[in-house]
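The structure appears right after this line, and notes come after that.
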Amino acid sequence: MERLKTTLCGIPLDNPVIPASGTFGYGEEFAALYDINCLGTFSFKGTTAQPRFGNPTPRIAECTAGLLNAVGLQNPGVEAVIGEILPRMKTYFHKPVMANVSGFSVEDYAGACEKLGREPQIGWLEINISCPNVHGGGMSFGTDPKAAAEVVAAVRRVTEKPLIVKLTPNVTDITEIARSCEAAGADGISLINTLLGMRIDPLRRRPVLQRTMGGFSGPAVFPVALRMVWQVYEAVKIPVVGIGGIASAEDVIEMMLAGACAVEIGSENLVRPTVCKDIIDGLPAVMDRLGIAKLEDIIGGAHGWEKM
Amino acid sequence: MKQQQLEILSNEPLAAGIWRMVLLGDTSDSAPGRFAELRLPGEFYLRRPISVCDAREDRLTLVYKTVGRGTRRMTELVPGQEIEALTGLGNGFDLSRARDGAVLAGGGVGCAPLFLLARRLREAGCPVTAVLGFNRADEIFYEEEFRALGVRVEIATLDGSRGTKGFVTDAMPGIAGSLYVCGPQPMMKAVWRRARAAGQYSLEERMGCGFGVCMGCSIQTAGGSRRVCADGPVFAGEELLWND
């Protein structure tokens, strides 16, 4: 459908709906439920240079309108992703896919991105400089503009593929990091990753998560995400992908009005596995009701409202 | 996996802290050892994974223990109410290995998934012994239901208020045939120590999605990492790392 089309870093999308990394695996489980080729694309499970088991369990805790996770980047490593998963993926997904990459050193990021960037089906590299779960890793890159720029510049040197930097919200000024990534050669910014949180089991008097703290996501974080997308849209010229608590077609419209050219849907996939398809199917009716002819027309449309 | 609306036909206490909910819907994918993820009304974001106790035609029976706010909320649901569920989750027990006989060892609410297993094994003509362990006599459920299937039932209670005083392992006869186990981790470990041989063990872990994408319930096994929800919940005893 023409009116849902959008573009992400020069690559056309049939619609702006993208399942977020870590909530969609490699798409196989969802492909058994619906034809995932209806998606704009999807961002597959965060990949690291080496295989990782992740953190000890419990890794999941429930919250009002969301959840905490401390999975810790479990993945089979870049070699297995390229050797085993991508060859299978092209049998059930026929569009460019987004590779989400994490690392614990600048070399880790550059190495994994260089390998993944050579794969024909990879459309975008989304580099996660924000995972709050891993000691000595993601957190420091995403909270320091200099370290963030260093990673972006190193990855920029090894790939021509569009480079999207996924930002952590656990910072004082999100625009400073976003500008730093843009200056270092990023083609796009996606935000937000999870907010650092915790829960305590009152009976056992200990944290629910084995790792004490974890990343908070789900509908509860939507206003925080929307605010940060708004701020980053005003701070940079490169495309912005909105992530955080999106659960409906109306949320997608709101995110796009704040400045997102596409959106990623995360937690909701875990509790309503068909949510992405439902949102895509539901968008035209919501657009009719709101008098929106084409989604591309509304990107950043709420900015400058004071002068309207 | 199937996403469907189930209608509650009944929801009542079975024993101390143990409830039974019977639901109307499509049970074609509810094999022994599999589970359903229920979406609860109210403030609960994640679904609740509950193992299948029985599935007969269009009736799905779930037996659950009230342990937290979610399961307490479940007890307030009334007949006629609809509940949204993902059904047919998990791998389930492998029945094909049990021909000459099976021993089923259950601990507490872990006895529930063994019921449909026992029924299917009996229907295939397999002799079945069920060793059911509980803390106290007032927590015992389904003893008669198991017997009605022609199952030999041994009961163990920790406080000795019924059957053999002690653990499931104290009431276990010699293990002849296939072994199927479901219960708390220490109980399963004790059974493994006693049995050593093969056996199928149904695990429990805190889950996010229940269908294999969030990696919330991963465990390390002899064969690498496995997702309890999608690769399990049933694992071969020799595949599990018992830390002993």
Side-chain angles (χ1 to χ4, degrees), chain A residues 19 21-30 32-34 42 44-46 51-76 80 201-203 208-210 214 216-220 245 247 266-275 278, chain B residues 1-5 29 36-49 66-73 83-90 185 203-233 241 243:
Chain A
S21 180
T23 63
F24 210 71
Y26 301 97
E28 258 174 319
E29 289 79 6
F30 293 87
L33 273 182
Y34 66 93
F42 70 94
F44 64 71
K45 179 75 184 140
R52 286 178 58 81
F53 173 69
N55 293 323
T57 57
R59 303 171 168 191
I60 299 283
E62 190 181 47
C63 310
T64 304
L67 72 148
L68 293 173
N69 92 82
V71 168
L73 297 173
Q74 180 177 352
N75 81 98
D201 178 339
L203 187 65
V208 173
L209 296 173
Q210 188 64 28
F216 182 36
S217 62
S267 308
E268 202 68 10
N269 288 303
L270 307 179
V271 292
R272 285 197 291 149
T274 58
V275 65
D278 296 345
Chain B
M1 168 167 61
K2 195 172 289 159
Q3 193 169 2
Q4 56 173 321
Q5 288 289 124
D29 58 1
E37 281 261 27
L38 305 182
R39 186 121 215 233
L40 303 185
E43 76 274 31
F44 304 99
Y45 188 65
L46 298 174
R47 291 166 185 266
R48 264 44 185 186
T66 53
V67 284
R69 287 190 311 131
T71 42
R72 277 202 301 276
R73 178 71 182 89
I83 192 160
E84 203 252 289
L86 301 176
T87 57
L89 300 172
Q185 190 71 17
L203 303 193
E204 191 174 44
E205 188 53 76
R206 201 174 272 266
M207 291 176 186
C209 64
F211 54 92
V213 301
C214 78
M215 302 292 157
C217 63
S218 296
I219 56 160
Q220 299 270 29
T221 71
S225 68
R226 296 283 184 272
R227 303 161 296 179
V228 170
C229 70
D231 303 314
L241 307 176
N243 303 320

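Just so it is clear, the values below take in all heavy atoms, side chains as well, and ignore hydrogens, waters and symmetry mates. Every chain is numbered from 1 and lettered A, B, ... according to where its sequence line falls, protein lines coming before strand lines.
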* Asked: Does the pair B:Glu205/B:Arg227 count as a salt bridge with the N-to-O cut at 4.0 Å?
  -> no

* Heavy-atom side-chain proximity of A:Val71 to A:Lys45 below 4.5 angstrom -> yes

* Can you name the nearest heavy-atom pair linking B:Ala230 to B:Gly212, along with the distance? -> CB-CA, 3.7 Å

* Asked: Quick one: what part of A:Phe30 sits under 4.5 Å from any heavy atom of chain B, side chain, backbone, both or neither?
  -> side chain

* Using non-hydrogen atoms and a 4.5 Å limit, figure out which bit of B:Gln220 sits close to chain A: side chain, backbone, both or neither. => both

* **A:Ala65 portion near chain B, given a 4.5 angstrom heavy-atom threshold** => backbone

* Contact origin within A:Glu268 toward chain B - heavy atom pairs under 4.5 Å -> both

* Asked: Side chain, backbone, both or neither: which part of A:Asn269 has a non-hydrogen atom closer than 4.5 Å to chain B?
  -> backbone

* **B:Cys214 and A:Ile60, any side-chain heavy atoms less than 4.5 Å apart** => yes

* Asked: Taking every heavy-atom pair that is under 4.5 Å apart, which of A:Thr57, A:Thr274, A:Val271 has the most such pairs with chain B?
  -> A:Val271

* Asked: Under 3.5 Å, side chain of A:Asn55 to main-chain N/O of A:Ala70, donor-acceptor pair present?
  -> yes

* Structure fact -> In terms of heavy-atom pairs under 4.5 Å with chain A, the winner among B:Gly210, B:Cys209, B:Gly224 is B:Cys209

* Shortest non-hydrogen contact between A:Ser267 and A:Gly218, atoms and distance -> OG-N, 3.3 Å

* Asked: Regarding B:Ser225 and B:Ser218, is there a side-chain donor-to-acceptor distance under 3.5 Å anywhere?
  -> no

* Structure fact -> Whatever's closer than 4.5 Å to a heavy atom in chain A on B:Ile219 counts as backbone

* Structure fact -> If you tally heavy-atom pairs under 4.5 Å between each of A:Gly66, A:Ala61, A:Gly22 and chain B, the highest tally belongs to A:Gly66

